[in-house]
**Q** 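Can you keep this structure in mind? I'll have questions shortly.
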Amino acid sequence: MALIKCENVSIGYEGQTVVRDLNFQINPGDYLCIVGENGSGKSTLVKSLLGLKSVEGGRIVFGDGLKQNEIGYLPQQTDVQKDFPASVYEVVLSGRLNSRGLKPFYTAADKQQAYEKMEILGIRDLAKQCFRDLSGGQRQRVLLARALCATKTLLLLDEPVTGLDPIVTAEFYQLISRINRDSGIAVVMVSHDIESAVEYASHILHLQEKVLFFGTAEDYRRSRVGRTFLGGDRND
Amino acid sequence: MIETLIEMLSYPFMVRAFIVGAMVALCSALLGVSLVLKRYSMIGDGLSHVGFGALAAAAALNAAPLAVAIPVVILAAVLLLRISGNSQIKGDAAIALISTSSLAAGVMVISLSTGMNTDVYNYMFGSILAMSGEDVVLSVILSAVVLVLFIFFYQKIFAITFDETFARATGVKAGLYNTLIAVLTAVTIVLGMRMMGALLISSLIIFPALTSMRVCRTFRGVVISAAAVSVVCFAAGITVSYLCAAPAGASVVMANIAVLVIFAVIGALRNLGTRSR
């Protein structure tokens, strides 16, 4: 059964429909990249998946035990965070909030989860560091650890490599692949970078007012859309 | 030194001012951390001007000042928060608009009714004599409410302050907590403004948070430090105000400035130290 299934979904932004007739699904363990130009509706789709924005038509169905608030979300970084006084530990731990309900304090199990996720991402020794003192790549790892704290099944990453240098970007992509492979967590990534998307993802969703392509990365490479966007040198 | 303190606290009006001020300082520091970090500092300033207008209207109507001012300022707080979240009108311009409008309305009401007099001066710059027994009771209740809510919702307040989108995505009702913070801020401002003055009360919200951010590196550290700094600065300010017969509000702000400078220097020295290592 699919974790998320979009059936004839239309989404809009400030009264204008950006994408219509959206049909796709995300299965456990998938690695889906959503690509498309600016304004093609990628970010709006992410907000709809998270329930921050209602859809104009169609429906988004959650299955396989996934609740909407159990998506591990990695948002784009905000200005507020640039000088925010918070320790890495505090930030990561806040990912456990969705399992707390109204209970005010974290339990020992929550804290252990936070340390485990920091361990996985290799930031355990940064726990006491201040978030604002970290490099761009370290910050993304912290926010990824927080996202992992919030989910067991699905990560949703919104342009996670924006502003990272090429080496850190490659490391980050490999990290995501490893998490996807080792723990079976499905990954949905919004990206500008079509070449890396095809390299790492199992599935591609290409948006431009409608769905230009949805299918496996392998098929995308061979498709007309894929060949156009990946550049002439890949035409074979 | 101790004798002066005992003498100071032998006046009932000083005791009332001390209790109300310390409570207001504590609440505004806690709320201020979230407001400053979320870039909502100007809301405090806007609300105090709305409060001025409401107090002026209450005086002209011979109504109880708090009974008029508290609901009006709460309404303004909710409104300002909506405007800040709305991309159509830029938040800072809207706040300036509302605060100058209320200030103008307040001045008009006063000059047409009682005329510009010492009352206006007291509203603007605060008076230590303004606190009644009723204010003491209200301020103790308010700070108990703020403290309990702050501790109970601390983790959620952290989450929505640090990253509202993530918090909402994980099911935190951010709008509800934002409104809660705005409402509590409104009540805090109305309680404190007659002592601190409409023009100076927002300093209690902004200074402690900014001061603590110079030195503290965790959110919890900033919160605890802000609360302590705020209460200590208030106590120091009001003592100076008593000794020098200076206005209370201005003295408290001066104490806050002094501590901000000290913390900024400590922060800068520590940064130098870590860099040279």
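Convention: sequence-line order gives letters A, B, ...; per-chain numbering from 1.
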**Q** Relative to chain B, which segment of A:Val91 carries a heavy atom at a distance below 4.5 Å: side chain, backbone, both, or neither?
**A** both

**Q** Would you mind checking which part of A:Lys128 comes under 4.5 Å of any heavy atom in chain B, side chain (CB onward), backbone (N, CA, C, O), both or neither?
**A** neither

**Q** Does the side chain to side chain contact (heavy atoms under 4.5 Å, CB included) test come out yes or no for B:Asp163 and A:Arg146, once each step is laid out?
**A** CA-CA 11 Å; B:Asp163 191 341; A:Arg146 179 182 67 168; 2.7 Å; yes

**Q** Counting only heavy atoms not in A:Lys53, do more than 12 sit closer than 6.0 Å to its NZ atom?
**A** yes

**Q** What part of B:Thr161 lies closer than 4.5 angstrom to a heavy atom of chain A: side chain, backbone, both or neither?
**A** both

**Q** Tell me, side chain or backbone of B:Phe166 under 4.5 Å from chain A's heavy atoms, or both, or neither?
**A** both

**Q** Measure A:Tyr89 against the heavy atoms of chain B and call it side chain, backbone, both or neither at under 4.5 Å.
**A** neither

**Q** Determine yes or no for a side-chain-to-main-chain donor-acceptor pair under 3.5 angstrom, with A:Glu90 supplying the side chain and B:Arg220 the backbone.
**A** yes

**Q** Where does A:Gln68 contact chain B at under 4.5 Å (heavy atoms): side chain, backbone, both or neither?
**A** backbone

**Q** Check whether any side-chain heavy atom of B:Leu37 sits under 4.5 Å from a side-chain heavy atom of A:Pro85, and report yes or no.
**A** yes

**Q** Which answer fits B:Arg39, side chain, backbone, both or neither, if we ask what part of it has an atom under 4.5 Å from a heavy atom of chain A?
**A** side chain

**Q** Using every non-hydrogen atom in the two residues, find where A:Arg132 and B:Met213 come nearest and quote the distance to one decimal.
**A** NH2-O, 3.3 Å

**Q** Please flag which part of A:Ala150 lies under 4.5 Å from any non-hydrogen atom of chain B: side chain, backbone, both or neither.
**A** side chain

**Q** Below 4.5 Å from any heavy atom of chain B, which atoms of A:Asp133 appear? Answer side chain, backbone, both or neither.
**A** side chain

**Q** For B:Ala169 versus A:Leu52, what's the shortest heavy-atom pair and its separation?
**A** N-CD2, 3.8 Å

**Q** Does A:Gln81 reach the main-chain N or O of B:Phe162 with its side chain, forming a donor-acceptor pair under 3.5 Å?
**A** yes

**Q** Measuring heavy-atom distances to chain B, does A:Leu143 have an atom under 4.5 Å in its side chain, in its backbone, in both, or in neither?
**A** side chain

**Q** Relative to each other, are the rings of A:Phe84 and B:Phe158 parallel, tilted or perpendicular (30° and 60° limits)?
**A** perpendicular

**Q** Non-hydrogen atoms of chain A under 4.5 Å away: do they reach the side chain of B:Tyr154, the backbone, both or neither?
**A** side chain

**Q** Applying side chain to side chain contact (heavy atoms under 4.5 Å, CB included) to B:Lys38 and A:Val80, what does each step give before you reach the verdict?
**A** CA-CA 7 Å; B:Lys38 284 173 77 85; A:Val80 170; 5.7 Å; no

